[in-house]
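Worksheet: the structure to be examined is printed underneath.
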2 protein chains.
Amino acid sequence: MAESMRPPSVSDVARRAGVSKATAARVLGGYGRVSAAIHAAVSAAAAEIGYRPNELARSMTTGRSDTIGIVVGDIANPFFAVAVHAMSQVLRAEGFGVLLANSAESLAEEKAAIDTLLGRRVDGMIVSPADMRESSHLRAIMDSGVPLVQFDRCAAGLAVAGVTADDRDVAAEVTQMLIRRGHRRIAYFTACETDSGRFSDLEEIGTGSVRERIAGFLTAGEGLEDTALEVVVGAVGAERAQSLATEVLARGAEAPTAMIASDSTIGLGLYTAARAAGIAIPQALSLVTFHDADWTAIAHPGITVISQPARRLGEEAARMLIRQIQTGDGTCAHHVVPCRIISRGSVGDGPVS
Amino acid sequence: MAESMRPPSVSDVARRAGVSKATAARVLGGYGRVSAAIHAAVSAAAAEIGYRPNELARSMTTGRSDTIGIVVGDIANPFFAVAVHAMSQVLRAEGFGVLLANSAESLAEEKAAIDTLLGRRVDGMIVSPADMRESSHLRAIMDSGVPLVQFDRCAAGLAVAGVTADDRDVAAEVTQMLIRRGHRRIAYFTACETDSGRFSDLEEIGTGSVRERIAGFLTAGEGLEDTALEVVVGAVGAERAQSLATEVLARGAEAPTAMIASDSTIGLGLYTAARAAGIAIPQALSLVTFHDADWTAIAHPGITVISQPARRLGEEAARMLIRQIQTGDGTCAHHVVPCRIISRGSVGDGPVS
DNA sequence: CTGTTAGCGCGTTCAC
DNA sequence: GTGAACGCGCTAACAG
């Protein structure tokens with residue numbers, strides 16, 4: 001058994017090849033000039049004893065770890081799963097490994113994760129900030145001289161590169177569409193939590209992308225009555241979303257005639273609630289959800305969705321980071337990728353149409 | 001700007017606190033005994049200059065990297081996404097970081113990924129082997145003395161720990177159920193590819209879990225006619241699955257009356273194909289799919305699924321690995337977690353019932 | 001308790 | 001071309 005044996009190092013290879021450590025290191029590391037004969041001998045010796053370079057030691061002297069840290073809220077969320085997949089593809093093509101961390105959308109866990117990644121001396125980071133109101137830890141990354149790209153959301157007042165969707169615009173667009181169709185009571189459902197359990201101020205929303213969307217939502221409805229637009233918070237998970245929607249729908253004539261779900265999990269909850277309550281979509285209730293999830297295409301009727309280009313967002317974030325690493329350019333370009341609205345039939349005319 | 005400044009090291013802290021490097025290292029590293037006064041002084045100095053331990057250097061001397069390598073086929077696949085999430089939660093709770101790699105179900109990429117991870121001196125690995133027929137690279141992991149746990153699938157003839165679902169049994173169970181309901185022509189759809197494009201031998205199936213399932217499928221139908229059971233290969237992605245299913249369904253009276261999908265993406269393709277062809281589920285076609293995906297619950301009718309305990313599988317794999325690392329025990333226990341069949345109404349009686 | 005010294009595996013000067 | 005020697009940041013022996 002080779003169980004507890006120390007892995008072969010350059011010295012071992014050198015000894016076996018009958019050359020100095022430095023010479024062996026040169027051919028093994030692929031730098032400097034070595035005669036063909038010795039080159040062959042060293043290579044052979046390395047192969048025989050199964051030498052494999054210790055990347056940690058290499059990183060120590062070079063200063064580069066060839067590793068990128070990625071921090072997302074929840075890798076089990078299809079949006080992030082696809083995005084991370086895209087990122088790692090682009091990064092691996094450039095020779096980078098990926099250290100993945102989940103924040104569970106908790107600021108404390110996010111800070112801890114970033115701390116760990118900085119300790120591991122990653123060459124760059126891609127982070128989806130859980131709370132745009134606190135950015136001291138993001139600033140710490142920059143102060144460490146580590147390139148950073150924000151993903152999906154951006155912290156406030158921070159000159160850092162980022163790639164996001166056009167959340168505000170597309171939310172406004174969808175809302176306007178609903179208003180145009182005659183809806184005068186529209187509810188936006190988000191998983192974000194507030195202290196009071198109700199929504200009263202945009203400042204209470206920590207998730208950058210969601211705040212943008214709600215801003216667009218509210219802006220679009222500015223000409224309407226105060227009671228027209230409603231934001232429902234705390235819809236974490238399909239079950240919770242469903243029960244919240246059930247409550248709202250129970251208001252009868254006072255209930256909203258259109259709903260927007262901030263992600264597909266919530267959308268599923270709303271859809272289920274409507275079906276359970278016997279409320280017809282789109283005749284009695286219009287439904288739109290963010291993210292083009294599987295189920296939206298086969299639901300009855302098909303669900304109109306705001307399709308987020310998760311793959312492209314991920315690729316773009318990875319590319320921005322690589323560029324920043326390679327050029328050393330501390331550019332803070334903010335890249336916005338447009339969402340696409342896919343109409344499937346879950347939006348009908350409202351009472352004023 | 002602190003751009004290119006070398007990050008503070010133990011020496012820097014020591015100098016600032018007016019103590020020796022070793023003493024500073026002791027309080028910074030949290031080992032050995034130091035007087036309260038000096039402890040405070042060092043901590044203060046560290047905080048002032050923003051010291052952060054270099055985990056790479058630490059790993060070099062300790063031999064441990066506190067990092068686990070995870071290699072899965074496709075992180076965008078919900079099954080793996082959930083599993084990886086569960087793994088990283090368990091691992092992080094024990095102080096381990098996660099280096100994630102995608103193999104894209106390619107043996108070559110899997111080998112490359114494992115090579116990289118070994119180079120980075122991970123303390124352990126969790127791998128979903130892309131091809132159970134080739135295991136030399138997995139053996140290389142063991143030879144390096146790195147604890148390994150196989151996930152979801154197991155390579156042939158390898159004494160390595162692993163956690164899988166009870167694929168063969170549950171596949172047999174579902175098949176028997178279909179036969180009992182009167183079905184005499186059943187098709188199993190998998191994304192696996194064969195050279196010929198057709199299925200002829202179990203040996204052609206490289207994905208361990210799928211081979212197990214097909215084995216169970218074929219065993220269950222042993223008493224029937226030779227033409228009763230059919231395996232359709234190459235159903236990669238929903239679109240391809242749909243077109244393959246459309247072809248099969250076009251055989252009219254010769255078409256299968258029941259279909260089993262090897263994953264939920266394929267299931268979606270089969271479902272869509274049936275609807276497009278105007279074939280009623282479950283009256284004219286019964287459908288069962290692996291993985292309890294979102295859409296299966298809201299389809300019409302609801303789809304009967306084989307629910308894989310992705311979260312538990314992931315947690316268990318992580319725990320097995322941790323145990324192996326901590327005890328140094330090279331145990332090769334093989335843990336099997338049972339799947340659960342959730343009946344939703346997509347299975348009806350066949351012609352012989 | 002504290003300071004000194006010696007490595008870990010590698011890249012990189014310098015001489016030869 | 002090649003080899004000897006040093007340093008990266010840290011832990012771990014060993015002395016005092």
Side-chain angles (χ1 to χ4, degrees), chain A residues 4-43 45-46 49-67 116 118-123 144-145, chain B residues 4-43 45-46 49-67 116 118-123 144-145:
Chain A
S4 60
M5 252 179 41
R6 176 182 53 74
S9 75
V10 204
S11 313
D12 300 320
V13 177
R15 196 174 311 122
R16 197 167 216 285
V19 297
S20 82
K21 203 190 315 190
T23 307
R26 278 191 259 263
V27 7
L28 263 22
Y31 57 91
R33 305 236 154 276
V34 184
S35 74
I38 290 196
H39 185 102
V42 172
S43 302
I49 63 178
Y51 168 78
R52 189 191 314 276
N54 184 334
E55 300 295 344
L56 273 72
R58 185 170 284 179
S59 297
M60 272 250 313
T61 63
T62 61
R64 303 177 311 122
S65 63
D66 288 334
T67 304
T116 305
L118 284 179
R120 282 184 162 70
R121 297 298 191 263
V122 292
D123 292 344
S144 305
Chain B
S4 61
M5 251 178 42
R6 177 182 55 73
S9 75
V10 210
S11 312
D12 299 321
V13 177
R15 195 175 312 121
R16 196 166 217 286
V19 297
S20 81
K21 201 192 311 191
T23 307
R26 277 192 258 265
V27 5
L28 262 22
Y31 58 91
R33 306 236 155 278
V34 183
S35 75
I38 290 196
H39 185 103
V42 172
S43 302
I49 62 179
Y51 168 79
R52 189 191 314 278
N54 184 334
E55 300 294 346
L56 274 72
R58 184 171 284 179
S59 297
M60 270 246 315
T61 64
T62 61
R64 302 177 312 123
S65 63
D66 287 335
T67 304
T116 305
L118 285 179
R120 282 184 163 69
R121 297 299 192 264
V122 293
D123 291 343
S144 305

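Please read all numbers here as calculations on a predicted model, not as lab measurements. Letters go in sequence order (proteins before strands), and every chain restarts at 1.
- Of all non-hydrogen atoms in Tyr51(A) and Val10(A), the two that sit nearest each other are CE1-N, 3.8 Å.
- Here salt bridge (Lys or Arg N to Asp or Glu O under 4.0 Å) pairs that include residues 56-65 of chain A, with residues two or more places apart or in two chains, are Glu55(A)-Arg58(A), Arg64(A)-Asp66(A).
- Between atom OG of residue Ser144(B) and atom CE of residue Met5(A) there is a gap of 10.0 Å, rounded to the nearest 0.5 Å.
- Counting any heavy atom pair closer than 4.0 Å across all strands shown, Leu56(A) reaches no nucleic acid atom.
- The side-chain contact (heavy atoms from CB on, under 4.5 Å) check on Arg121(A) picks up Pro7(B), Arg52(B), Asn54(B), Leu56(B), with sequence neighbours excluded.
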Item to complete: Classify every nucleotide of nucleotides 8-16 of chain C by which part a protein heavy atom approaches to under 4.0 Å, writing B for the base, S for the sugar-phosphate alone and - for neither, in 5'-to-3' order.
Response: BBBBB----

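- Judged as a side chain to side chain donor-acceptor pair (under 3.5 Å), the pairs with a partner in residues 18-41 of chain B (not counting sequence neighbours) are, in order, Ser20(B)-Thr23(B).
- Taking all atoms of both residues into account, the shortest heavy-atom contact from Asp123(A) to Ser65(A) is OD1-N, 2.9 Å.
- For Thr23(B) and dG3(C), the shortest distance from a side-chain N or O to OP1 or OP2 is below 4.0 Å.
- You can see that DNA chain D meets the heavy atoms of chain B within a 4.0 Å-exclusive cut from dG9(D) to dA13(D), reading 5' to 3'.
- Every residue two or more places apart in sequence or in another chain that forms a side-chain contact (heavy atoms from CB on, under 4.5 Å) with Pro8(B) is listed here: Asp12(B), Ile49(B).
- Under the side-chain contact (heavy atoms from CB on, under 4.5 Å) criterion, Ala41(A) pairs with no residue, sequence neighbours left out.
- For the helix from dC1(C)-dG16(D) to dC16(C)-dG1(D), the end axes, each set by the C1' atoms of five terminal pairs, are bent relative to each other by 40° (nearest 10°).
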